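Heads up: the structure comes next, in structure tokens.
Small disclaimer: the values here were computed from a predicted structure and weren't measured.
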Amino acid sequence: MWNIEKRKIHEKNNKKAMTRRKVKLAWIENDGLRKTTYRKRKLGLTKKVEELTILCGIEGCLLIFNPAENEIHVWPSIEKAKELLARFMGMPAMEQRRKMLDHEIYIKERIEKLLENIAKQEKRNKEMEASLVLYQFCQGRPFDEMTATELHLLSWFAEEKLKEIRRWTRLFPPLLLTSEATSLPPPQPPYVATVAEQAAALGSKIQTDTQVGDKMDGRSSMQPVFGGVVQIWE
């Protein structure tokens with residue numbers, strides 16, 4: 001029994017160790033760990049570039065310089081890398097910088113993205129606090145017991161909701177009745193014919209044709225019927 005529980009604890013610890021943890025983007029001080037990380041990341045980056053060229057049908061190369069070992073890792077080959085670099089240098093300066101991303105621009109974009117996420121989270125927290133204060137007010141808490149911060153929070157929350165209503169109103173303007181629409185007469189009820197009118201209409205549809213004849217005289221007799229004429233030979 002003890003061995004089974006010990007085995008379960010060991011498997012649980014292994015699963016926790018296998019889960020991918022978020023790596024801190026900072027210089028690795030340990031030499032062995034830094035070299036191991038460089039070797040693994042270099043192989044992974046090379047594989048990603050190769051997959052990108054195959055999946056998207058593009059041309060690409062990879063250059064990695066390691067000053068610690070004074071070596072340059074080139075993929076796929078030095079000749080191919082020289083060819084692509086020569087083609088890149090032959091392009092106009094504006095075309096070269098149009099989609100260029102260096103380390104400084106990358107850091108600025110990350111900072112802007114983080115600041116945007118922080119602002120969104122702060123607004124979300126503020127809305128939750130205002131909702132809590134509003135809930136307390138609906139439960140019977142008077143305004144006299146609220147602090148100036150809570151009152152300011154409620155005022156801000158109401159203003160945000162009004163802005164949202166105005167935005168939706170601009171997107172979907174309400175249907176307003178104009179003076180011309182209000183001056184129109186009310187719709188009339190459907191017309192229902194009287195019994196006499198219905199009988200007259202039915203009589204006009206019934207055709208009666210009477211013809212008296214005798215077979216011996218070479219004439220045929222016709223008997224009137226509703227909706228048509230039937231010929232009877234005697």
Quick one, Arg39 and Thr36 - any side-chain contact, counting heavy atoms below 4.5 Å? yes
CZ/Arg167: more than 12 non-hydrogen atoms of other groups inside 6.0 Å = yes
- Message: For Ile78, is the CD1 atom crowded, meaning more than 12 foreign heavy atoms sit under 6.0 Å from it?
- Response: no
So NZ of Lys35 and OG1 of Thr37: to nearest 0.5 Å the spacing works out to 12.5 Å
Here the gap from Arg110 atom CZ to Ile107 atom CD1, rounded to the nearest 0.5 Å, amounts to 6.5 Å
Do Leu151 and Val133 come close enough that some side-chain heavy atom pair is under 4.5 Å? no
Are the side chains of Phe65 and Asn70 in touch, meaning some heavy atoms are under 4.5 Å apart?
yes
Salt bridge between Arg34 and Glu29, side-chain N to carboxylate O under 4.0 Å?
-> no
Rounded to the nearest 0.5 angstrom, the OG1-CD distance for Thr53 and Glu51 is 9.0 Å
| query | Could you walk me through whether Glu160 and Lys126 pass the salt bridge (charged side-chain N to carboxylate O under 4.0 Å, His left out) check? | reply | CA-CA 11 Å; Glu160 290 295 322; Lys126 199 172 182 180; over 6 Å; no
* To do: Treating Ile, Leu, Val, Met, Phe, Trp and Tyr as nodes and any side-chain heavy-atom pair under 4.5 angstrom as an edge, say whether Met128 and Trp156 lie in one connected cluster.
  => no
Under 6.0 Å from the CZ atom of Phe137, do we count more than 12 heavy atoms belonging to anything else shown?
no
Check Glu112 with Lys108, please: is the shortest side-chain N to carboxylate O separation under 4.0 Å? no
Quick note, side-chain hydrogen bond (donor to acceptor under 3.5 Å, both in side chains) partners involving residues 130-145, not counting sequence neighbours, are Gln136-Arg141, Arg141-Glu150
Here the gap from Leu132 atom CG to Leu153 atom CG, rounded to the nearest 0.5 Å, amounts to 9.5 Å
The reported gap from CD in Glu164 to OG1 in Thr169 (rounded to nearest 0.5 angstrom) is 10.5 Å
Between Lys82 and Glu79, is there a salt bridge with N-O shorter than 4.0 Å?
-> no
Donor on one side chain, acceptor on other, Thr46 and His73, under 3.5 Å: yes
### Query
When hydrophobic residues are tied together by side-chain contacts of less than 4.5 Å, even through go-betweens, does Leu134 share a cluster with Met146?
yes
Shortest non-hydrogen pair, Gln96 vs Met89, comes out as NE2-O, 3.3 Å
Of all heavy-atom pairs linking Ala81 and Leu63, the shortest is CB-CD2, 4.3 Å
### Derivation and outcome, salt bridge (charged side-chain N to carboxylate O under 4.0 Å, His left out), residues Glu95 and Arg98
CA-CA 5 Å; Glu95 291 293 328; Arg98 188 163 59 91; 3.4 Å; yes
Check: Between Asn125 and Gln121, is any side-chain donor less than 3.5 angstrom from a side-chain acceptor?
Finding: yes
Exercise for review: Indicate, with yes or no, if Ile64 and Leu85 share a hydrophobic cluster defined by side-chain heavy-atom contacts under 4.5 Å among Ile, Leu, Val, Met, Phe, Trp and Tyr.
Suggested key: no
Quick check on the hydrophobic clustering: are Trp75 and Tyr38 connected, directly or via other members, by side-chain heavy-atom contacts under 4.5 Å?
yes
Are the side chains of Ile58 and Leu52 in touch, meaning some heavy atoms are under 4.5 Å apart? yes
Compare all side-chain heavy atoms of Lys120 with those of Glu116 and state whether any distance is below 4.5 angstrom.
yes
Rounding to 0.5 Å, atoms CZ (Phe157) and CG (Leu162) come to a distance of 11.0 Å
Can Glu59 and Arg87 be counted as an ion pair, charged N to O under 4.0 angstrom?
yes
- [ ] Check whether any side-chain heavy atom of Leu154 lies under 4.5 Å from a side-chain heavy atom of Phe143, and answer yes or no.
- [x] yes
